[in-house]
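Beneath this line is the structure, given in structure tokens, with notes to follow.
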Amino acid sequence: MNLTMLNPQQRLAAETLEGPVLILAGAGSGKTRALTYRAANLIDHGVKPWHILCLTFTNKAAGEMKRRIATLVGEETEDAWISTFHSSCARILRRDIEKIGYSRSFAIYDDDDTASVLKGILRQLKIDEKYLSIKEMKGRISAAKNKLLTADEWFAQSERDYRSQIIHDVFCQYEQRMKTLNALDFDDLLMKTLELFADHPPVLESYRDRFQYVMVDEYQDTNYAQYSLVNLLTSQSRNLCVVGDDDQSIYGWRGADIRNILDFEKDYPDATVIKLEQNYRSTANILDAANQVIAHNEERKDKSLWTEKAAGEPISVFCAEDERAEAGWIASKIRHLNLGGAALGEMAVLYRGNAQSRVIEETLMRSGIPYRVFGGMKFYERREVRDVIAYMRVIANPSDDISLTRIINVPKRAIGDSTVQELTRHAQEQQMPLFSALTDLPDTLSVRPRKCVTDFFALMSELMLAQTTQPLDQWIDTLIEKTGLRKQYETEDTDEARNRIENIDELVGAVHEFVQKNPEATLGDYLENIALVTDLDSREENGGYVTLMTMHSAKGLEFPYVFMSGMEEGVFPSGRSSNSPERLEEERRLCYVAITRAMKKLFMSHARRRTIYNTPNYNAPSRFLEEIPGRLTKDESIAQLDEMERSRTRGAARASRPATVRPAAVMRPGDPLSIPGVQKGFVRSESRGLNVKTPMPTLREGDRVMHRKFGEGIVLSTRGTGSDTMARIRFIAYGDKELALSLAPLVKLEE
DNA sequence: GAATAAATTGTTTTT
DNA sequence: CAATTTATTC
């Protein structure tokens, strides 16, 4: 194996093949490279690929690793398991879950599905949602499962008060219901695998024999269940190599336990510890900022990243009037980067919460900048897509009542709520799945609904039969055709309907593609594939669009140009973390993750006024901004004014006729630019005399202008002459406005 | 049973 | 505010 491409630490990581290994890999330190070389080196040393297990958190990371190992060792990697925790567990369970009393055709339920299950239970137990919400219940169950606690065990360690009893009841019902539905939630995938191993030692033994070399990526994000799984598999071979960075632990709220990585050396006193501290990604300025921010955390392993790269450009910081102006600044910067030769695919706008994306989206759309939003409403969460999938799921697993109730009246076929309730009640009495109630009809049902239900059952039978006779790609066409799922939108002449048709077609296309890639694939294979996939996995690098995503989703990615928006107290760090030092440290780690995504240039922005739930908020700049030394930043809120001033003087000097002098523009109370409490940015303008008379710019169609409040815009048209000239201007962030040139604080921008 | 109007309610992050 | 859920009318 040629390891000369690696630095000494990476090389040590790739060469330490036996025994426990801890690789502490800082951001951008080439950890994937070290890991892939290590896997390749194992194979090079005669380890058979099927003895290797690589566990990651995302499909994307797994795919990337698989691809890179393949290029190093050729096509021999097919037999190695390189996949996410969840899909590895699903694969193990598909084989042997019958040993613990489930059917192998089990469905994997996502958040929406489990919420429906819980909703039904809360309704049945007549529990007021205000007393115990679905959201809380989901959280409780997930947290318990992450700690491998059953409902009873959870109750035993709870306060055991009345409310805990209720929670316990719901928890028990949930478990029971999931079993009759033949469904597993995400956490079950791990927990049931461990249950299988605990109850059936020979199964565990077979996997221990198989996986003699185990590697775990992002170890700082493992929860107790994942930790247990890994340690159970490797307790004999002791060939466990984990990679991670305690500074990038950002999933604590989801049960990830940072102690798993902090205590690795306690778990394995003989572990080889390797630190990767050279960063290959970011400029020195960016790295310096990241180091300075994270240094404010108490609980962390001591390490510091360094780089050979030059200082690079300073970090641009911008204080905007409100979130629209912030978005306008971002759009303006993106446009200028793009004009300067940078591809849109090299840029990412990051934010703390998905809700923040909307204003940015609107602004980018208005300025004609192509973008794609990742996270948020995912493709597989669209209603029409879920409807198609629900059909597929019922056909693969007729016990899946949740999916069946979803589609029983989609498209509309006159099976209304009351009929469904009748059927559900009957099924429950007879202890059978809802699907069986479609043939075994309750006597109470009247003639009309009876016919509708029978017709529906005939349709489903037909589809089930077709599924056994047709290849999957042909069958999906049959499904769309016979159900009329596409047709229901064809008659509708709205953008929404067209969009839904587009999504259905895209899903059908995806199935066809899946069959192309896996000719032997069954319906079950396809369903499994989509159950564990997210839209993050579909991101193409260097696409011709700007990437919009949360800071969490950005982990593991890198972009030459990164915008961190909403750098405000209460937004980032999130208001919910302010009362807990641990949570604040996690927010800071998130900030560290976000900063270290940037390769060449980082932009940070905050808004003085931000509208949240329709109420204006005035937030102070984020503490994280203050944790970055001033020598690394450049305040663009002032720079923008400088630019205005420069353009103005230039414009005035060049003006062939005497500049029109206009009366002093006086700031009035209530003017958005003079809200009390301003510390940064535009308030400086007063001291810099920007509010006094300025020459009226001569503008023509197509000119780019900068407005003090509205930011950048393009002149659409002008009318009138002299001091009465009015210009219609399309602002990036604020849309079209008609302004009097003699009054508006406008300057022409030089291209 | 379906279409429409009214009312409610929520916002971190996600494999 | 917008999206979802519930009430009302046909």
Side-chain angles (χ1 to χ4, degrees), chain A residues 55-62 83-90 108-112 114-115 119 123 129-130 133-135 138-139 142 145-146 184-190 217-218 221-223 225-226 248-256 323 350-359 362 374-378 380-381 383 408-422 446 448-449 452 496 530-537 549-556 566 570-578 583 586-587 589-591 593-594 610-617:
Chain A
L55 293 170
T56 65
F57 279 86
T58 65
N59 294 298
K60 174 138 188 158
S83 62
T84 64
F85 275 97
H86 291 90
S87 49
S88 298
C89 287
I108 298 170
Y109 271 16
D110 65 18
D111 274 358
D112 265 14
T114 53
K119 193 173 180 183
R123 197 174 301 172
E129 268 224 46
K130 284 182 184 109
S133 70
I134 293 175
K135 202 163 166 276
K138 272 173 63 68
S142 182
K145 289 185 175 179
N146 286 163
L184 300 187
D185 62 32
F186 284 126
D187 302 313
D188 282 336
L189 290 173
L190 288 151
D217 193 13
E218 308 278 17
D221 286 333
T222 50
N223 61 32
Q226 288 156 335
Q248 292 189 67
S249 163
I250 55 174
Y251 286 110
W253 51 274
R254 202 169 77 182
E323 66 270 29
L350 309 182
Y351 34 80
R352 179 63 237 266
N354 279 139
Q356 285 166 254
S357 73
R358 202 160 68 222
V359 181
E362 283 167 9
F374 293 87
M377 186 68 159
K378 294 172 219 72
Y380 291 107
E381 284 171 12
R383 190 174 42 158
I408 195 163
N409 199 29
V410 176
K412 297 258 180 334
R413 52 171 72 87
I415 303 176
D417 286 346
S418 54
T419 308
V420 175
Q421 265 171 28
E422 279 288 284
S446 52
R448 223 168 73 94
C452 297
E496 198 198 12
I530 57 170
L532 300 170
V533 92
T534 71
D535 66 343
L536 254 39
D537 302 320
M549 57 168 62
T550 64
M551 297 181 187
H552 278 87
S553 311
K555 196 175 74 160
V571 176
F572 186 46
S574 151
R576 302 187 179 219
S577 56
S578 55
R583 278 168 161 249
E586 186 155 306
E587 293 286 305
R589 291 194 291 269
L590 182 58
C591 185
V593 167
R610 183 178 297 273
T611 308
I612 305 171
Y613 328 125
N614 210 21
T615 46
N617 287 65

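Below, chains carry the letters A, B, ... as their sequence lines are ordered, and counting in each starts from 1. No hydrogens, no waters, no symmetry mates; every other heavy atom, side chains included, goes into these values.
Residue contacts shown for A:A355 include a base, since a base heavy atom lies under 4.0 Å away. A:K130 comes within 4.0 angstrom of sugar-phosphate atoms only, judged by non-hydrogen atoms across all strands, and of no base. A:S577 comes within contact range of no nucleotide atom at all, as no heavy-atom separation falls under 4.0 Å. Among the atoms of the strands shown, none is found under 4.0 Å from any heavy atom of A:N59. In this structure, A:T611 reaches neither bases nor backbone, as no heavy-atom distance under 4.0 Å exists between it and the strands shown. Looking at heavy-atom distances under 4.0 Å, A:R358 makes contact with sugar-phosphate atoms alone, never a base.
For the 3.5 Å distance criterion, the side chains of A:S577 and A:S574 fail to qualify, holding no donor opposite an acceptor.
Side chains of A:C452 and A:T419 form no contact here, defined as non-hydrogen atoms less than 4.5 Å apart.
A straight line from OH of A:Y351 to P of B:dT13 spans 10 Å, rounded to a whole angstrom. B:dT14 atom P lies 10 Å from atom CD of A:E381, rounded to whole Å. Atoms CZ (A:R576) and C1' (B:dT13) sit 11 Å apart, rounded to a whole Å. Here the C1' atom of nucleotide B:dT13 and the NZ atom of A:K135 are 11 Å apart, to the nearest Å. Between the P atom of B:dT13 and the CD atom of A:E586 lies a distance of 14 Å, rounded to the nearest Å. Residue A:E422 contributes atom CD, which lies 10 Å from atom P of B:dG1 at whole-angstrom precision.
Checking A:R254 against A:A414, the closest nucleotide of DNA chain B that is more toward the 5' end is the one next to A:A414.
Considering only the side chain of A:Y613, B:dT11 comes nearest among B:dT11, B:dA2, B:dT14. When distances run from any side-chain atom of A:S418 to the nucleotides B:dT11, B:dT13, B:dG1, the shortest one goes to B:dG1. For A:H552, counting side-chain heavy atoms from C-beta on, the closest listed nucleotide (B:dT13, B:dG1, B:dT11) is B:dT13.
Considering only residues two or more places apart in sequence or on other chains, A:A225 meets the side-chain contact (heavy atoms from CB on, under 4.5 Å) condition with A:L148, A:L190, A:L194, A:N223.
Separating the P atom of C:dT6 from that of B:dT11 is a span of 15 Å, rounded to the nearest Å.
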